[in-house]
Structures are given as structure tokens and as C-alpha cells.
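Step one of this worksheet: look at the structure below.
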Amino acid sequence: MTALVIRGGHLIDPAAGLDALKDILLKDGHVAEIASPGKLKQSNGAEVLDATGLTVAPGLIDMHVHLREPGQGYKETIATGTAAAAAGGFTGVAAMPNTRPVNDSPEITRWMQSAERAAAIRVFPIAAATRGSKGEAINDFAALKSAGAVAVSDDGLPILKDAIMRETLSAAARVGLSVIQHAEDTRMTQGASMNAGATAFRLGLRGFTNEAESSIVERDIRLVQELRDARAHLHVAHISTAAALAAVRQARRNGLRVTCEVAPHHFLLTDEHVGLYNTNAKMCPPLRSAADRDAMIEAILDGVVDAIATDHAPHAVHEKEVEFENAPNGITGLETALGLSLRWLHKEWKLPLGRVLSLLSAQPAALLNLKGRGTLTVGSFADVVVFDPKAEWTYNARETRSKSRNTPFDGWTMQGKVRWTISEGRIAYSSVVSPMSISQNGLSS
Amino acid sequence: MNRSATPTRRQLHPPPVPALPFPYHPGSLLSASDLSLDEISHILKRATALENQNPLTRDRILSKRRVALLFYESSTRTRTSFELAAKGLGADTTLISSLSSSIEKGESLKDTGLTLRALGAEAIILRHNSSGAPWLLEAETRLPVLNAGDGMHEHPTQALLDLRTILPPLAPATKTCHPERAQRVEGPASSVTTPAIDQVTPETLAGVTITIVGDIQHSRVARSNMLLLPRLGARVLLCGPKELLPELAAQAGPGITIERNFEAALRQSQAVMMLRIQAERLAGLQLDLEEYKANYQLTGPRLAAQAPTVIVMHPGPIIRGLEVTAGVADGPQSVILEQVTNGVAIRMAVVERALTAENPQGGRA
């Protein structure tokens with residue numbers, strides 16, 4: 001594998017406490033050397049990327065995406081989903097198991113990681129906690145882990161039975177996996193299509209109540225408390241209500257291993273963004289009230305939130321061009337997460353750049369136990385994002401690399417333009433024509 | 001990472017909520033709140049003019065224009081009323097109902113709408129069981145769409161016909177008419193019938209209280225009326241049990257108050273709209289009907305004791321013996337059949353507006 005030098009950039013590696021101008025040498029898929037500008041010792045013959053004026057950071061990691069393969073390639077494939085991820089600055093995505101069939105086996109877990117999927121970046125499968133995600137019988141977590149699963153979850157079909165959830169938490173803890181729960185008491189959300197509240201009443205739609213989320217989070221925390229000695233790790237997916245956040249906050253004060261992620265749409269939008277039945281503003285959990293949205297922002301600023309995750313959920317155009325109640329839940333998010341986080345969390349709400357990047361790389365890597373990822377210390381994987389932190393640009397959903405374009409952020413102003421995404425030493429995305437090909441063209445003309 | 005920093009409490013300036021878009025087509029009527037007071041006045045004027053016009057000349061207004069009635073739910077009043085209205089203006093109508101069309105085979109609303117447009121439909125009147133469906137149909141076809149009831153959301157022509165029904169008795173003519181018209185009221189020609197009121201203002205219903213009773217949660221009639229009536233100065237009281245009337249209904253707009261005591265609501269009201277319990281939308285909710293009747297049924301004695309002059313309305317269908325007794329439905333205070341009659345006049349005006357409005361300016365992004 002050829003060596004790659006990223007020269008003249010501003011390296012920010014929150015996990016290593018590094019924030020300085022550095023040159024960096026990538027070799028054989030790993031970080032080989034970091035040095036002050038112009039001081040690399042082993043860079044002879046390496047291809048050079050000029051990162052002057054740009055930020056160089058550990059490749060982003062999205063711990064919650066839906067890549068739709070196997071089974072629903074018309075919405076997304078692993079190839080298209082990871083291409084969108086690379087364009088968004090991600091070098092690793094954790095893929096939820098609600099595929100067709102459900103990823104509840106080592107075979108599917110391996111199939112998703114196979115080279116034939118032509119992934120642009122690394123895919124980390126999250127395996128189903130229970131067989132078929134039916135919430136009845138738990139899977140063989142040890143076998144799933146050795147096949148490459150990084151966590152277990154029945155995302156979208158939360159585990160409602162206390163006994164099964166307890167067994168899941170304790171079995172996962174035994175093999176060192178975290179349990180990711182989509183917190184929704186589905187018995188309370190029949191027919192619901194948006195947040196319960198004045199807007200839902202006005203639009204004549206049935207609502208998801210906050211309690212449907214917080215009651216499951218509270219129940220799960222009770223179970224973690226009971227399994228305290230087993231060091232069970234509960235990770236709350238796409239948390240969206242102030243009440244659930246309060247429960248997580250309290251659990252942490254009590255020393256429990258309870259973590260959570262927030263999606264960009266939940267710290268930016270409210271149920272009023274549903275407007276007049278915009279199906280691209282329909283997801284689960286739904287866009288909440290302004291008070292809940294503000295609580296998400298505060299929790300991110302306060303450090304209660306452990307990760308920003310997109311819940312990238314592609315759906316074909318025809319599936320979203322239907323009556324609001326009949327439209328599937330979910331929006332895409334891989335290409336907009338960094339631009340929105342920098343535009344709002346960093347620029348507007350003054351969260352330091354290093355902390356924004358940590359929420360998008362170091363912290364999710366730690367939550368999923370991804371060794372050598374989320375940092376750029378020598379020896380770690382050569383997963384890098386290089387971006388212009390000041391550049392403003394407008395997102396155009398029609399130009400997406402995803403197969404789907406169901407996003408509420410079409411036309412939004414983003415901050416921070418990705419120049420290169422490098423996955424294990426290989427350029428997975430580039431927004432510029434490479435200097436090499438320019439010079440070749442120059443010679444031939 | 002340092003997580004022990006004191007929590008920051010700052011003024012957040014989150015992304016703004018975009019303004020609600022207007023319909024693409026100026027002939028569309030999707031929500032009661034789409035209409036300005038001038039447009040409402042125009043519709044009321046045209047309703048009266050069209051009602052009084054010779055049917056043989058009225059027939060030429062929309063002669064051979066094509067109007068599709070697309071009905072995903074059963075309907076007696078609304079469907080017949082729209083059909084008679086369109087035919088009364090000379091339009092050709094065609095009815096597509098979900099049980100006798102490709103909708104049964106799984107055709108989407110978008111495809112059904114595009115098919116109707118390709119067949120020459122110039123406007124679509126839509127009744128649909130999903131809230132918001134008319135917005136989708138309009139966005140996909142760019143035709144004028146008339147909302148004939150969408151899910152639990154809105155039924156704007158019902159609100160307009162209800163308005164036409166209550167204006168003559170509740171809005172004093174002198175308060176709302178032009179001066180010259182007020183003088184004419186004294187003339188011999190107008191003394192025979194109540195003059196139609198055709199110019200509404202934010203004060204037209206000032207001092208008037210209208211109570212909507214019963215299954216507010218599932219009622220599109222309630223939503224359209226509670227959006228429309230306060231804009232004319234009326235106070236709207238909502239009355240019903242918690243299961244059918246959530247507290248947050250009062251936040252749906254200005255001028256809306258919840259009064260759970262039916263007697264107290266009746267005593268304050270000049271008009272009362274009784275609603276049917278929408279069994280088909282209760283979604284498993286169990287109601288004690290005897291208790292409901294005890295608290296909310298409009299009976300002769302209740303009416304005589306609390307509101308001997310109140311106007312009794314009902315959008316239909318009535319379940320006699322549940323929300324109202326037969327005696328009240330048929331009694332002297334009932335204007336239920338006038339509402340039905342007014343529906344044809346209002347819908348003539350609304351169908352005419354749909355097919356004669358200027359070409360769309362693209363109001364929605």
C-alpha cells in the first residue's frame with residue numbers, strides 16, 4: 001500500500017489531547033509518524049495531500065446507521081451508504097440489524113463486512129439482540145462478537161419484556177458488548193406518527209408521548225442497577241426527550257454504565273418542522289417539542305451526551321411520497337452530520353471544535369470498543385478526515401451519494417467542507433481533483 | 001475530556017421554524033385557515049348569488065368543466081352536496097371511491113391523482129381517511145384540490161357552511177353590512193327574509209360564544225370551526241370528557257377555551273355544535289356511553305333549562321339517542337337541515353372559485 005502524507009494541516013485529536021499544526025504520515029493502513037510541519041522523517045516517495053488551512057482529525061464514526069443490506073437494496077446498499085458516509089467525513093459506521101432478514105447470525109454479520117459489499121469505509125455490524133428481533137429469545141452473543149459484531153440491539157423493535165432485557169444486558173456484559181436500546185414502549189405508540197402535543201392535535205395526527213420513551217429508559221436503568229455487579233452497559237439510542245435524559249443523568253451520578261447518543265435532527269428541529277405533513281420530517285423517535293430540543297442542546301454542551309449519531313435511515317422516494325401516516329420513519333443523515341454539527345454546535349453554540357469532533361469520533365469509538373479508531377496516535381488505523389472548518393456550503397439532496405434523499409436538511413447551510421476522507425490509508429472520498437491527475441493532464445496537453 | 005465544567009446556560013438561537021406554506025393553487029381549499037376574511041366574504045357572497053341564480057343560466061358557469069370527486073371514505077352529505085354543487089354550475093363530475101377503483105389494488109394517492117389529471121380533471125374534491133392527504137394530492141398534481149374532510153384534521157367547507165348558518169341569527173345585520181345595505185334592510189323587499197350577511201370582519205361575531213361538544217379529538221369539523229370562528233371574533237368553547245378532548249386542544253389557536261361542564265357551557269352559548277363519537281377512530285379507547293350521555297347528551301330538559309334560545313347544530317351523521325335526543329334534533333332550535341342546505345350553496349361558491357382562480361403563482365417552495 002502506498003504511503004500518504006498529509007502536510008500543513010491543523011491536527012485535532014481530542015483523545016490524544018493534540019491540537020497543533022502537524023504533518024502526518026500514513027503507511028500500510030496505519031498512522032506511521034506525526035511531526036511538526038516539514039519534519040517527517042520517513043515520508044520519501046509518499047503521495048502528498050496539501051492540507052494547508054485545513055483541519056485534520058480522526059475519521060468520524062457514526063454508531064447508528066441503517067445500510068439496508070441485506071434485503072432492501074432499493075433504499076440503500078452497503079456500497080452507496082458507505083459512499084455517502086465517506087462524503088460526510090465518516091470512516092466507520094455501525095450498521096443496525098433491522099435488515100431483511102434481520103442480522104441475528106454470524107453469517108449475516110460476516111456477509112455485511114465481506115469485501116464483495118464494496119464498502120468505501122469500515123462497516124461495523126450491530127447484531128440483533130434477540131432472534132429475528134422478536135424480543136423473545138436472545139442470540140449467541142459470543143459467536144456474533146467473534147464474527148465482528150460491535151454491539152447488540154433490536155433497534156426499532158425495542159425489547160419490552162423485562163426478563164428478556166435483563167438477560168440481554170447480562171449476557172452482553174459477559175462477552176463485553178454494549179446493549180443499544182431504541183427506547184419506545186410500542187404498546188403506547190400504536191398509530192402514532194409524530195410527537196404528541198399541540199402540533200399533532202392541530203394536524204389531526206396521533207402522537208408519541210414522551211413517556212413512551214422515558215418509561216423504557218427508566219425500566220432499562222433499573223435493570224442495569226440490578227446487574228450492577230455484572231457491569232452491564234446500556235446505550236440509549238437517539239435519545240429525544242428531556243425526561244429520558246434526566247434518567248440517564250441520574251443513572252450516571254449513581255455510577256451506572258449508561259450512555260446515550262443524540263441525532264442532529266433532535267438537537268436542531270422540533271415537531272413544528274413537520275410543517276404541513278412533510279414526510280421528510282417523520283422519524284422515530286419523532287421531532288419533539290422546543291423544550292425537549294433545547295434539553296438536547298444543553299445536554300450536549302454539558303457533556304451528558306456521549307455521541308452524535310445520525311440514525312441514517314434511507315427510504316426510496318416513492319415510499320415517502322405518501323400520506324404522512326403511511327410514510328415510513330426515518331431520514332438520511334450521513335452527509336449532513338458534520339456540517340450541521342459545526343454550523344450549530346460549534347459556530348452558534350460555541351462548543352469547542354475538539355469536543356464536537358470527539359462526539360463524532362473518539363467517544364463513539366470508545367462506546368463500541370473500536371481499538372485504534374477515533375484517534376490518530378502513531379499505530380492507530382489511518383482513518384482520517386480532512387476538512388475546511390470555515391467553508392460554508394449548501395446541502396443539495398439531489399447530489400447525494402446515498403440511494404435515497406429523504407432529508408429535512410435539503411438546502412440548509414452547512415459549515416465545514418470535507419476535502420478528503422481516508423479509510424485505513426486509502427482515499428475513500430475526495431472533493432478535489434487530485435494534484436497527481438492535474439499534473440498528468442498538464443503533461444499530456 | 002473535561003466534563004466537570006459548570007453547565008452552560010446560554011441563550012440558544014436554534015434554527016427558525018419555516019412559515020407554513022400556502023397552497024400551490026389559489027383555487028385550492030385545504031384548510032379553513034388558508035382563507036382571508038375577504039376571501040370568506042367573497043365565498044359567502046357568491047354562495048348567495050349562485051343560490052338565487054336561475055339554474056338554467058347558472059348551468060353555464062362551469063359548463064362541461066371536469067371535476068373529480070375522490071372519496072376514500074363513505075359520505076352522504078358531503079359527497080352529494082359537492083356533486084350537486086358542481087353539477088349545478090354545469091360541470092361534469094365523476095366519482096371515484098376507494099371500494100370501486102384501483103385504490104383497492106394498491107394504487108397510491110399520487111398515481112390516482114395524476115391519472116385523474118391525465119383524464120382531464122381540472123379540480124379534485126378529496127375525502128380521505130389520512131390527515132394531510134389533500135396537501136400531498138395538491139403537491140403532486142398541482143390541480144386545485146378541495147378538502148372534503150381529511151382524517152381527524154379539517155373539513156373547511158363544513159366550517160364555511162356552519163358560518164353561513166349562524167351568521168343571520170347571530171351577527172346583527174347592521175353591524176356587518178354596508179351602510180347602504182343596512183338602509184335597504186328596512187325596505188319592503190328585504191323585510192320578508194333575513195338578509196344574508198356577506199361581509200365578515202374580525203368583529204362580525206364579537207360577543208358570540210359557540211360551544212363544540214363531544215369527540216373533539218377525532219373531529220375535523222371541530223378543528224376547522226375552531227380555526228375559523230375566532231377570526232370573526234367568536235369565542236369557541238370546547239366541551240367533552242378528557243378522553244375525547246385533550247387539554248392541549250385549547251392551544252390549537254386563539255379564542256379557544258375548554259369548559260368541561262356542559263351545563264355551564266350551554267348557559268354561555270348562542271350556538272352549540274353537537275358531534276358524533278367517531279367509533280371508527282377511537283383506536284381501542286373504551287368509553288362508558290351511559291356516563292357520556294349523562295354528562296354530554298343534549299336533551300330537551302337540558303336545553304330548556306340552560307339554553308332556551310341557543311341554536312342547535314350538528315354536522316351529521318347524527319346518532320339519535322346518543323349525542324342528541326330525537327326531540328332536540330327535530331326541535332325548533334335545531335338548524336341541522338339548514339346546515340345541509342347551506343352546504344350546497346357554499347360548495348357551489350367553492351367549486352366556482354376552484355375553477356376560476358388565476359393560474360398558480362407557486363406559493364409553496
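Just so we're clear, the structure is a prediction, and the values are computed from it rather than from any experiment. Below, chains carry the letters A, B, ... as their sequence lines are ordered, and counting in each starts from 1.
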- Look up atom CG in B:Leu245 and atom CZ in A:Phe201, then write down how far apart they are to the nearest 0.5 Å. 7.0 Å
- So what's closer than 4.5 Å to chain B heavy atoms on A:Thr270: side chain, backbone, both or neither? side chain
- Query: At a heavy-atom separation under 4.5 Å, does B:Asp111 approach chain A through its side chain, its backbone, both, or neither?
  - Reply: neither
- Minimal heavy-atom distance between B:Pro15 and A:Trp412, with the atoms involved, is CB-CH2, 3.6 Å
- Applying a strict 4.5 Å limit to non-hydrogen atoms, the region of B:Glu140 in contact with chain A is side chain
- Message: Using heavy-atom distances under 4.5 Å, tell me whether B:Ser130 contacts chain A through its side chain, its backbone, both, or neither.
- Response: both
- Message: Need one label for A:Leu205: side chain, backbone, both or neither, based on atoms under 4.5 Å from any heavy atom in chain B.
- Response: both
- Task: Measure the spacing between OG of B:Ser131 and CE of A:Met194 and express it to the nearest 0.5 Å.
- Result: 11.0 Å
- Query: What is the distance from atom CE of B:Met152 to atom CD of A:Glu325, rounded to the nearest 0.5 Å?
  - Reply: 7.0 Å
- Item | side chain to side chain contact (heavy atoms under 4.5 Å, CB included) evaluation trace for A:His318 with B:Lys110 | CA-CA 9 Å; A:His318 73 267; B:Lys110 170 180 174 164; over 6 Å; no
- Specify which of B:Glu247, B:His218, B:Arg223 makes the most heavy-atom pairs with chain A at under 4.5 Å. B:Arg223
- Query: Between B:Ser108 and A:Glu323, is any pair of side-chain heavy atoms under 4.5 Å apart?
  - Reply: no
- Check the surroundings of atom CD in B:Gln286: do more than 12 heavy atoms from other residues, nucleotides or ligands lie under 6.0 Å from it? no
- Query: Which bit of A:Arg293 comes within less than 4.5 Å of chain B, counting heavy atoms only: side chain, backbone, both or neither?
  - Reply: side chain
- Message: Could you walk me through whether B:Leu12 and A:Glu298 satisfy the side chain to side chain contact (heavy atoms under 4.5 Å, CB included) test, starting with their C-alpha distance in whole Å, then the side-chain angles of each, then the deciding distance to 0.1 Å, before giving a yes or no?
- Response: CA-CA 9 Å; B:Leu12 299 172; A:Glu298 296 286 1; 4.0 Å; yes
- Note on the structure: To the nearest 0.5 Å, atom CZ of A:Arg202 lies from atom CG of B:Leu227 at 8.0 Å
- Query: Which distance, rounded to the nearest 0.5 Å, do you find between the OH of A:Tyr277 and the CG of B:Asp150?
  - Reply: 5.5 Å
- Task: Considering non-hydrogen atoms only, spot the tightest contact between A:Ala198 and B:Gln251 and give its length.
- Result: CB-OE1, 3.4 Å
- Note on the structure: Scored by heavy-atom pairs under 4.5 Å with chain B, the best of A:Ala196, A:Gly197, A:Gly191 is A:Gly197
- Query: Between B:His153 and A:Phe324, is the ring centre distance below 6.0 Å?
  - Reply: no
